[in-house]
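Notes for the one structure printed next.
Scope of the values below: all heavy atoms of this structure, side chains included, with no hydrogens, waters or symmetry mates. Chain identifiers are assigned alphabetically (A, B, ...) following the order of the sequence lines, protein sequences preceding nucleic acid strands; residue numbering begins at 1 within each chain.
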Number of protein chains: 2
Amino acid sequence: MTAPEQDGRRRKGERRRKLLIEATMRVIERDGLPAVSQRVVAQEAGVPPSAVTYYFPAVDDMLVAALTACNDDYLAGLAECAAAPDPLARLAELIVESSGPRRAYVAAEYELFLLAARHPALQAEATRWVGAVDAFLAPLVPDPVRRTGVAAAVEGLFLRCFYAADPPDAAGVHAILTTLVGGQASAAAETSQSRSADSGSSA
Amino acid sequence: MTAPEQDGRRRKGERRRKLLIEATMRVIERDGLPAVSQRVVAQEAGVPPSAVTYYFPAVDDMLVAALTACNDDYLAGLAECAAAPDPLARLAELIVESSGPRRAYVAAEYELFLLAARHPALQAEATRWVGAVDAFLAPLVPDPVRRTGVAAAVEGLFLRCFYAADPPDAAGVHAILTTLVGGQASAAAETSQSRSADSGSSA
DNA sequence: GCACTACTGGAGCAGTCGCTCAGGTTTTTC
DNA sequence: GAAAAACCTGAGCGACTGCTCCAGTAGTGC
C-alpha cells in the first residue's frame with residue numbers, strides 16, 4: 001500500500017502530465033487554441049504522440065486540464081494580491097504581466113471563458129474565477145453594483161493588456177482601478193490608497 | 001463599363017460571399033472558432049467546398065472577413081447607441097443582447113481580440129473598436145482615466161453576458177454603467193443622461 | 001524469484017484538413 | 001453571333017487529425 005506520491009511510477013507520471021499541460025499552454029500562446037492537437041503538443045513536450053493519449057483520453061480532456069491549471073494559477077495570484085499591503089497596486093501588476101511573461105495564461109484564460117459557454121466543466125471554472133474576483137473586491141468596494149462593474153473592468157483590462165499594441169503600464173492600470181473603486185476621485189489622484197480605512201467602516 | 005454593383009455576375013458573387021460569412025458566424029457560435037473549416041462552412045451554407053475556396057483563397061481570409069464583418073456590425077450598433085436619447089441605456093441593451101440573439105457576434109468579437117494578438121489585420125480591427133468605444137464615452141466621461149476604466153468594464157460586461165449561466169438584465173447593466181460613469185453616485189442613480197452633445201462621434 | 005501495476009511508444013486506421021486544378025456555366029461586352 | 005469576364009464545381013492529392021492497439025519497459029509488492 002504505497003502512497004501515490006511515494007510510488008516512483010506515479011511520480012514520474014505526474015511529472016510528465018505536468019510537462020504536457022505546460023506544453024499545451026505554450027502552444028496556445030504561440031499559435032492559439034485551434035492549433036492544439038495531440039501530435040503538436042507531443043512534439044512541443046518532446047514525447048511521442050501516444051503518450052498524450054495515455055494521459056488525456058481525448059484532446060478535450062487535455063484542454064480542460066490545461067485551462068483549469070491556468071485558472072488555478074490565476075486564483076493563486078489573486079490570493080497573493082489580497083494579502084499584499086496595497087491589494088489594488090498588486091492587482092495592477094498582475095494585470096500588466098499579461099502583456100509580458102504571462103501572455104500564455106491570459107490567452108488560455110479567455111479561451112476558457114469562450115469555451116465555458118459550451119463546456120460545463122469550464123463553466124464552473126469561470127464561475128470560480130468570477131467569484132474570487134468579487135471576494136477580492138468586496139472589502140474595497142462595498143456597493144455590489146459598483147463592485148460588479150469594477151470586476152468587469154478587471155476582465156477588460158486583462159484583455160486589453162493582452163492584445164493592445166501598446167499596453168498600459170502598472171501605474172496606469174492602478175490609476176484606473178483606484179478611480180473606479182474610489183468613485184468620487186476624478187482624475188488619477190496621487191493619494192496613495194494604502195490606508196485601510198474602508199475595511200473597518202463597512203465590513 | 002458597367003458599374004460593379006450593376007453587374008449581375010458580381011452581385012451574385014457578393015450575395016454568396018455574404019452567405020458564406022454568415023455561415024461562418026453560425027459555425028463559430030455553435031462549435032467555436034476551431035471548428036471553422038472550408039468543408040464545414042460550405043455545408044453550413046449549402047454550397048460545395050470549392051465555392052469557399054473561390055471566395056476566400058485561404059481559411060484565414062475567411063476568418064478575417066467574418067470577424068471584420070462582425071466588428072462592422074458592432075460599430076454600427078454603437079453608433080446607434082450614441083444617437084439614442086439615453087445612450088447608456090441603449091448600450092446596456094446592446095450588451096445584454098449578447099446572452100441572446102447576438103451570441104454569435106460576441107463569440108466572434110472575442111475570438112477577434114484573441115486572434116488580434118497574432119494577426120495584424122485583426123489588430124487594426126480591435127483598435128478600431130476600442131477607439132469607437134472611447135469616442136462613444138467621451139461626452140459622458142470627461143476624465144480619460146475613468147473613461148478607459150469604463151471602456152474596460154464594457155468589454156468585461158459583454159464577456160460576462162456571453163458566458164455567465166445567469167446573465168444580468170438590461171436594467172442591471174444600466175445600473176452598473178451609470179454607477180461607474182457617475183462616479184460619486186453610489187447606487188443606480190436615476191439621472192437621465194440625455195444630453196445630446198455626442199452627435200459628433202462618427203463611424 | 002514472481003505477479004502486478006504504471007508507464008512507454010511505434011504502427012496504423014479511418015476520417016478531415018487546406019488547397020489545387022481542369023473544365024463547366026452564366027452574364028456581360030462588343 | 002463571338003469573345004471575355006466572372007462565377008461555379010467535382011475530383012483528388014498530400015498532410016494532418018483523433019484515436020486504438022499492443023508489444024514492450026520500469027517500478028512495486030510479495
Check your understanding: Within the structure shown, what part of the strands sits under 4.0 Å from B:Val40 by heavy-atom distance: base, sugar-phosphate, or nothing?
Key -> sugar-phosphate

Point to revise | Length of the CD-P vector between B:Glu14 and D:dA6, whole Å | key: 13 Å

Review point. Given C:dC19, D:dT9, D:dC19, which nucleotide is nearest the side-chain atoms of A:Val59?
Key: D:dC19

Practice item. Find the distance A:Asp60:CG to D:dT17:C1' and express it as a whole number of Å. Key: 15 Å

Check your understanding: D:dA15 C1' sits how many Å from A:Gln43 CD, rounded?
Key -> 14 Å

Practice item. State plainly whether the residues B:Arg11 and B:Glu14 are in salt-bridge range, i.e. N to O under 4.0 Å. Key: no

Practice item. Strictly below 4.0 Å, heavy-atom distances to any atom of DNA chain D: list the hits from residues 22-36 of chain A, or just say none. Key: A:Val36

Point to revise | Phosphate contact (D:dT9 OP1 or OP2) by B:Arg16 side-chain N/O below 4.0 Å | key: yes

Point to revise | Phosphate contact (C:dT8 OP1 or OP2) by A:Tyr54 side-chain N/O below 4.0 Å | key: no

Review point. Are there more than 12 heavy atoms of other residues, nucleotides or ligands under 6.0 Å from atom CD of A:Glu97?
Key: yes

Check your understanding: Just one of A:Val173, A:Leu180, A:Leu94, A:Ile95 clears the side-chain contact (heavy atoms from CB on, under 4.5 Å) bar with A:Val154, so which one?
Key -> A:Ile95

Study note, to complete from the structure: Which of B:Arg128, B:Arg147, B:Arg146 passes salt bridge (charged side-chain N to carboxylate O under 4.0 Å, His left out) with B:Asp134? It is B:Arg147

**Study point:** The single option from A:Tyr110, A:Tyr163, A:Phe113, A:Tyr74 passing ring pair (Phe, Tyr, Trp, His ring centres under 6.0 Å) against A:Phe158
**Key:** A:Tyr74

Point to revise | C:dT16 OP1/OP2 closer than 4.0 Å to side-chain N/O of B:Arg39 | key: no

Review point. When the distance from CZ of A:Arg11 to C1' of C:dA6 is rounded to whole Å, what number comes out?
Key: 13 Å

**Study point:** Residue B:Gln123 excluded, over 12 heavy atoms near CD under 6.0 Å
**Key:** yes

Check your understanding: Between B:Glu29 and B:Arg26, is the closest basic N to carboxylate O distance under 4.0 Å?
Key -> no

Practice item. Would you mind classifying the nucleic acid contact of A:Ser50 as base, sugar-phosphate or nothing, using non-hydrogen atoms under 4.0 angstrom? Key: base

Point to revise | Selection from D:dT9, D:dG18, D:dT20 that lies nearest to any side-chain heavy atom of A:Thr53 | key: D:dT20

**Study point:** A:Ser37 vs D:dG18: side-chain N/O to OP1/OP2 distance below 4.0 Å
**Key:** yes

Check your understanding: Should B:Gln38 be listed as having a side-chain N or O under 4.0 Å from OP1 or OP2 of C:dC19?
Key -> yes

Review point. Taking CZ from A:Arg15 and P from C:dA6, how many angstroms apart are they, rounded to a whole number?
Key: 17 Å

Exercise for review: Take atom CE of B:Met62 and atom C1' of C:dC17, then tell me their distance rounded to the nearest Å.
Suggested key: 12 Å

Exercise for review: Send over the distance from A:Lys18 NZ to C:dC7 P, rounded to a whole Å.
Suggested key: 16 Å

